[in-house]
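These notes concern the structure reproduced below.
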Amino acid sequence: MLSHKLPKTYQAEKIEDKIYQKWEKSGKFNPDNLNLPPQSPNFTMVLPPPNITDKLHMGHASMLAIEDLIIRFHRMRGYRTLWVPGTDHAAIATQNVVEKKLLQEKGLTRHDLGREKFLQEVWSFLNKTQKTILHQTRKMGASLDWSREAFTLDKQRQKAVAQMFVDMYQEGIIYQGERLVNWCPRCHSTLADDEIEYKPQKTFLYTFRYWKNFPIPIATTRPETKLGDIAVAVHPQDKRYKKYIGKIYKGNFCGNFLEIKIIADKKIDKNFGTGAVGVTPAHSTIDWELGEKHKLEIKKVINEKGEIHSFYKKFKHLSSQEARKKIIEELEQKGLLEKKEEIENNLSLCYRCGTSIEPLPSKQWFVSVDKPLKKLGGKSLKEKSIEMVQKNKIQFIPSRFRKRYFYWMENLHDWCISRQIWFGHRIPVWYHRKNKNKIYVNIHPPKDIQNWKQDPDVLDTWFSSGMWTFSTLGWPENFKNGKKLNDLKYFHPTQMLETGYEILTLWVSRMIMMSLFALQEIPFEKVYLHGMILDENGKKMSKSKGNGIDPLDMIKKYNTDAVRLSLLIGNTPGNDIRLSEDKIASFRNFTNKLWNIIKFSLLLINNDTEKIKKIDTTYYQLTLSDQWIIYEFKNLIQEVTKLLKIYNFSLAGEKLYNFTKHSLADWYLEIAKIERNKNVKKIILKNIEEDLLKLWHPFIPFITEYLWEIQKKKKLLMISNWPKNNKYDFLNKNNFLYSSLTFNKKNIYSKKEVEKNFNLIKEIIVNIRRIRKENNIPLGKKIDVFIQANIQDKKIISQETKIIKNLFTYVKEIKFIQKQPQNVKTIKQPITGKIILYVAIENALNTKEEIKRIEKELQSLIKFKNILNTKLANKDFIKKAPATIVKKEKEKLQEVTKKIKELKLYQKKLIQ
RNA sequence: GGACGAUUAGCUCAGCUGGUUAGAGCGCUUCUCUUACAAAGAAGAGGUCACUGGUUCGAAUCCAGUAUCGUCCACCA
C-alpha cells in the first residue's frame, strides 16, 4: 500500500486478526523454527494457566500483556524464546461452577447424576470455555508456542501427575493421616479454606468448671464439644494456674468420665475469658494443633451429620445446638456455670448453603515438607525451597516478596493433597476389597482390578499446576536416569515466572518444591509479580460485583494495542492498578498518533518530486535538529533497552511515548517540513522510524507489525533484531549516515552543545508563541522579532532563523541588535542571562497585565535565587558536596541573577 | 490480631541506589481545520510530595513514630 493512500485513522479491527494469523502461520512462535545459532541463550516462560471456569478478565489481559512484552523483547534480542500456553482444570472451582449450573438449569445435584455422568457434564462444559479462553488469548496478541499447548488434566499431564504421586509415595513423603477438615454437615462434603465465609455474630461465652472440685474455670462458646475434652491449656506464665500444670484430674462431666491434663502453651491468651481453654482436638483447629504438639488423644464428639455421637448416651443424635442447651441447663442446675456473657466472634459458614461449618478429623493424603530427602542432600522440601531463595537462585521482583515467601514457607505444615470431590486427578491408590491393609500405589490400575477399589478422592489442583514448568516440557519421559532430554534439557529451568502476587504462596511455593523433588533443580530463576486490576473506585474487579471491564469489549471498541498500553504504562510490579475506560481511550489516541507519524514519515521518505539537480552542499548538511533527534534517539534506545532489562516496563513505555509524541512529532517532523536538506531527512527518518517500530513492538505488536508490513519488509518485525544504539553514534563507522552520504564534519557538535543549542531555539520559539498569544496578535499577522545575543549564540540562532520564523510563530523578520530597539513597541523576555528576546507588537500594550506577568516571573526567579544563595552560603555545602554540584549551582546563580536584572530593568521601564 | 504495602496536581499514576525551582496522561481555561493526525496542534492555570520527628551540606526519595486506606494470613477459645 502506498503511504499517501493510508486512511486518516488507524483501523485496527481490519488488521489485527490477519496479523495474528500471519505470525502464527510463520511458525516463529516456536523457537525450533527461529534458525538461531546453537550457542544462543534460552529464554523460557510458562503461561500461568488460566482456570477454565470463566472467560478472561482484565487480570488475565494484564498478565498476557506483560508476558508477551517480555517474550517479544527477548525474541528480538536473539534468545531461543519459548512461551508455553495452557489451561488449568481448577478442580474445586470448576466442579462448583458446573454443580451450580446443573442445579440452576436442570435442578439436579451431582449425586443425582452419579460420578461418571457428572464428569461428562464437566468435560462438555470445559471444552467450550477452554476454546473461548484460547481464542481470547490470541486476541491479546500473545505470541505463545501453540504447538506445545497443554492442559493440566490432559493425558500427558495425567501421566506426569500419577508418576509424581507414585515417586513421592515411594520416597516416603506422601503419606496418609488424620487431619481436621472443614465439614459442611448439610452438603456432606469438605470445604477448602477459600470456600468458607466468615460472618461476625453475637454469641455467648460460657464460663464454668467441669465439676465441682475442678481447679480451673474454663471459658468456651461451644460447651457441647467439651464432652470430648482431654486437656486444659493455660499460659505457662499465668500465676493463677502455674501450680496445676502437668497435673491430671479425673471426674464426671454431664454424665461422662473425663480425664483432664493441665498443659501449658504460649498461644493461650491470659486475658481472654478465664485464661484457660478446654482442649477438644477433634473439633477445633487450634485445639488440633495443641493436640498434635502435646500428643493428646482425639475424642470425636460430633459426627458427619452434625450430631452428637451415640457414645454420649445422654446427648446422642442431638444437634450441637440442642446439646449445648441441655448441657448449659445441667451446669446451671449443678451451680457450675459461673458466667454467661455476650461476645462477638466470627462464625465460619459454608459458602454454598450458609450452614455453620463443623471441623472434623478425617483421613487424608499428605506431602511431608519436613522429611529429609537423600536426593536433596539430606534436606527437606521446605529447607531446600527456602535455601534456593535465600541464595538468590530464585529472585523476586519486587524483592520485598521474599519476606512473604519466607514467612509462608517457614510456617508451612504438611500439605494436604486429597480433595473429596470428583473432578480432578484421581489418586492412583487402590485398596484391596478383602484385605484392608493391602494397598496398591501405581500409575496403572492393578491387573485383578475386580478385587480392588480406587481411592475416591482427587488431588488438590495445585498438585498438578505445581508441576507446570516441567510437566509441559515432557516430564517424566524426558527425564531418564537423572538426565534431562529434549525440551526438558533445552528449556528447564525456565528463566522467568510472571504471575499475580496473590498466588505467590499457593502456587509459586509449590512449584519450587515440586521441581526440586522431581528434577533437583529450581523451576525458574526470576519471579515477576504483578498487582491486581482494580476498577475506577479501587475495588477488585469481579463478576459478582459487575464492575469488571471486559477486555474483549475494549479491544473491539478501541484496539488491542491500546488495551495493552493501558495495562503496561503506569503499572509497576507488585502494585495494584486502577483501570478506567478513559485510559484505554487515550492510548487508542496514541496509536492513532503513531499511525500518522509513520504515515507522514513515509510520505517524506517516498517523496521524489524534489529531485535535486544542482549539487548544493546545504542539501547534504546535518542541521542542528538532525543532530538533536539522532542524539535523542540514540539515548532512547539505550534507556529503553536498559529499562526493559530490569523489567521497568512502565518507565520504558513512558520514555518511548515522550520521544514519539513530543520529540519526534512535535519538533522534528514539524522542522522536517521546513528544512531543505530532504535527502538527509529521508535517511534519518527511515532509520529512526524503522527502529522506533522495533522498540515499540513488544508493547504494541499489531500496529507496529502492520506499519512494518506496508513497507514491504521481507522479514517479520516480530523476529527482526533489536536496535543497537551505536548505529546512531557519530564517531562510530557503522553510523547509518556514513554509508549513505558524506557530510561536512565541521557542522557536527558534541551532544552537550546540540542539547544546549536546540533547547535555546526551542525556548525562543515557545516564548514567541506565548507572547503572541498573550497579546492577542492574530495568527495571520506577521511580526518582527529582535534578539540581543553574544557572537557565539548569534551564530547559532542565525543558522536556525528559518525554523524560528516558520514554526507556528509567524515571524516576519529576525533582527539582531546590541540594545533594546527604540521606536518600536516590544515585549521583552530574557531567554538566558545573555540572550534577550524582544517581540514587536502593534496594539497598545496592556501594561497592567504585562507588569503582573513580569512580577510573577520575577517572584519565581527570586525564590530560586534565594534557594541557591542559601545553599552556596552554607560552608558545609561547599566543603562536603561534590565539586561538580557546587559548580553547577554557581552557574545557575549567575544565570538567574542576570535574568532578574534584565527583567527588573524592563519592569522599571514599564512602570514609567 | 500478625505480615506487607500505599498516601505526590481535580482524577489515575511515574519519579532507579538522596543533589530537577517536583513530572506524565486524563480533565480544566484560551486560541487554531497550519496540506500526517480535531482520536489533532499551540499557549496556560493547578502541588508546603499525609502528618511529626531524626540522619545528612542537602530528603518526595533513607530511618522512627502517628493517622487513614488497601491486600494477604490467622480467625481466636
Side-chain angles (χ1 to χ4, degrees), chain A residues 3-4 6 8-10 193 196 198 205 218-222 233 267-269 272-274 276-280 284-287 343 345-346 348 398 400-401 403-404 407-408 411 501-502 504-505 531-532 534 536 538 540 558 569-572 574-580 582-583 585-604 642-643 646 648 650-651 654 657-658 662 665-666 669-670 673 766 769-774 776 778-779 808-810 860-861 863-868 871 874-882 884-886 888-889 892 896:
Chain A
S3 49
H4 64 271
L6 289 176
K8 270 183 131 181
T9 53
Y10 169 51
D193 289 344
I196 299 169
Y198 295 100
L205 181 72
I218 58 159
T220 181
T221 55
R222 299 198 60 190
K267 277 199 171 170
I268 306 303
D269 181 354
F272 188 90
T274 60
V277 184
V279 182
T280 325
S284 146
T285 38
I286 290 189
D287 293 9
I343 59 156
N345 75 350
N346 260 330
S348 330
R400 69 177 136 91
F401 283 99
K403 277 188 204 164
R404 192 185 281 192
Y407 181 80
W408 170 267
N411 293 299
Y501 64 75
E502 73 274 12
L504 169 70
T505 47
M532 286 184 304
L534 309 174
E536 289 161 281
K540 202 170 170 176
Y558 302 100
I569 293 181
N571 189 358
T572 45
N575 291 327
D576 298 341
I577 163 177
R578 286 190 199 196
L579 188 71
S580 64
D582 287 349
K583 194 175 173 189
S586 82
F587 282 117
R588 185 272 319 266
N589 294 354
F590 175 74
T591 57
N592 192 49
K593 184 82 187 174
L594 181 67
W595 174 265
N596 277 291
I597 286 169
I598 302 298
K599 183 181 155 190
F600 180 60
S601 301
L602 293 178
L603 225 91
L604 290 181
K642 193 181 115 202
L643 287 167
I646 59 170
N648 194 335
S650 180
L651 207 51
E654 250 179 81
Y657 184 98
N658 286 334
H662 297 130
D666 292 351
L669 288 184
E670 291 302 335
K673 292 176 185 171
V766 168
R769 288 173 184 166
R770 202 202 70 237
I771 291 166
R772 286 192 64 110
K773 180 100 198 289
E774 279 173 358
N776 297 316
L779 269 185
F808 306 115
T809 54
Y810 303 90
S860 88
L861 288 175
K863 190 182 143 202
F864 184 36
K865 192 185 169 182
N866 288 339
I867 292 170
L868 292 170
K871 232 186 225 181
N874 187 341
K875 279 176 197 164
D876 285 330
F877 174 72
I878 307 285
K879 211 162 54 181
K880 290 182 182 171
T884 47
I885 285 173
V886 177
K888 242 195 209 165
E889 300 297 305
K892 281 187 203 164
V896 78

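Naming convention: chains lettered A, B, ... in sequence-line order (proteins, then strands); numbering from 1 in each chain. These numbers come from the heavy atoms of this one structure, side chains and all, not from hydrogens, waters or symmetry mates.
The gap from the C1' atom of B:rC49 to that of B:rA6 amounts to 14 Å, rounded to the nearest Å. The gap from the P atom of B:rA14 to that of B:rG53 amounts to 28 Å, rounded to the nearest Å. Separation of the P atoms belonging to B:rU7 and B:rU17 is 14 Å when rounded to the nearest angstrom. Nucleotides B:rC51 and B:rC11, compared at atom P, are 16 Å apart to the nearest Å. Comparing B:rA59 with B:rU71, their C1' atoms sit 28 Å apart, to the nearest whole Å. Annotation: B:rG65 and B:rA77 have their P atoms spaced 30 Å apart (nearest Å). B:rG5 and B:rC13 have their C1' atoms separated by 16 Å, given to the nearest Å. Atom name C1', nucleotides B:rU20 and B:rG47: the rounded distance is 15 Å, in whole Å.
Taking atom CG of A:Leu604 as the reference point, atom P of B:rC37 lies 13 Å away to the nearest angstrom. The interatomic distance linking A:Glu670 (CD) with B:rU32 (C1') rounds to 13 Å, in whole Å. With rounding to whole Å, A:Ile771 atom CD1 is found 12 Å from B:rA43 atom C1'. Distance CG (A:Leu6) to C1' (B:rC37): 12 Å, rounded to an integer number of Å. Atom NZ in A:Lys599 sits about 12 Å away from atom P in B:rU35, given to the nearest Å. Atom CG in A:Asp582 sits about 7 Å away from atom P in B:rG27, given to the nearest Å. In this structure, the NZ atom of A:Lys583 is 9 Å from the C1' atom of B:rG25, given to the nearest Å. Going from atom NZ of A:Lys880 over to atom C1' of B:rG19 covers 16 Å, rounded to whole Å.
Pair assignment for B:rC72 gives B:rG2, based on Watson-Crick or G-U wobble hydrogen-bonding distances that are each under 3.5 Å. B:rA59: no Watson-Crick or G-U partner with both key distances under 3.5 Å is found in any strand. Searching all strands for a Watson-Crick or G-U wobble partner of B:rC33 with both distances below 3.5 Å returns nothing. Base pairing of B:rU12 is made with B:rA24, judged by Watson-Crick or G-U wobble geometry with both donor-acceptor distances under 3.5 Å. In a base pair of the Watson-Crick type (N1 to N3 plus N6-O4 or O6-N4) or a G-U wobble (N1-O2 and O6-N3), with each distance short of 3.5 Å, B:rC51 is matched with B:rG65. Across all strands shown, nothing is found opposite B:rA45 as a Watson-Crick or G-U wobble partner with both distances under 3.5 Å. Pair assignment for B:rU17 gives none, since no Watson-Crick or G-U wobble pairing has each distance under 3.5 Å.
For B:rC26, the OP1/OP2 oxygens have no side-chain nitrogen or oxygen of A:Ser580 closer than 4.0 Å.
Among the atoms of the strands shown, none is found under 4.0 Å from any heavy atom of A:Lys642. Across all strands, A:Gly273 comes closer than 4.0 Å to no nucleic acid atom at all (heavy-atom distances). Using a 4.0 Å heavy-atom distance criterion, A:Val896 is classed as making no nucleic acid contact. Using a 4.0 Å heavy-atom cutoff across all strands shown, A:Leu779 reaches sugar-phosphate atoms only and no base atom. As judged by a 4.0 angstrom heavy-atom cut-off over every strand, A:Arg400 is placed among residues touching the sugar-phosphate backbone only. Within the nucleic acid shown, A:Thr572 comes within 4.0 Å of sugar-phosphate atoms alone, with no base atom in reach, counting heavy atoms only. Counting any heavy atom pair closer than 4.0 Å across all strands shown, A:Lys863 reaches no nucleic acid atom.
Atom OH in A:Tyr810 sits 5.0 Å away from atom CG in A:Leu779 (nearest 0.5 Å).
Taking the six-membered ring where tryptophan is involved, the planes of A:Tyr501 and A:Phe401 are essentially parallel, since the angle between them stays under 30° and well short of 60°.
Side-chain to base pairing of A:Lys8 with B:rC37: no donor and acceptor N or O lie closer than 3.5 Å to each other. In this model, no side-chain donor or acceptor of A:Arg404 finds a partner on the base of B:rA3 within 3.5 Å.
Judged by closest nucleotide on RNA chain B, A:Phe600 is the one of A:Thr221 and A:Phe600 placed further toward the 5' end. Two residues, A:Pro882 and A:Gly574, neighbour RNA chain B, and the one matched to the more 5' nucleotide by heavy-atom proximity is A:Gly574.
Evaluation of A:Phe864 against the base of B:rU21 yields a stacking contact (centre distance < 5.5 Å, interplanar angle < 30°).
For A:Lys673, the NZ atom counts as densely surrounded, since its 6.0 Å shell holds more than 12 non-hydrogen atoms of other residues, nucleotides or ligands.
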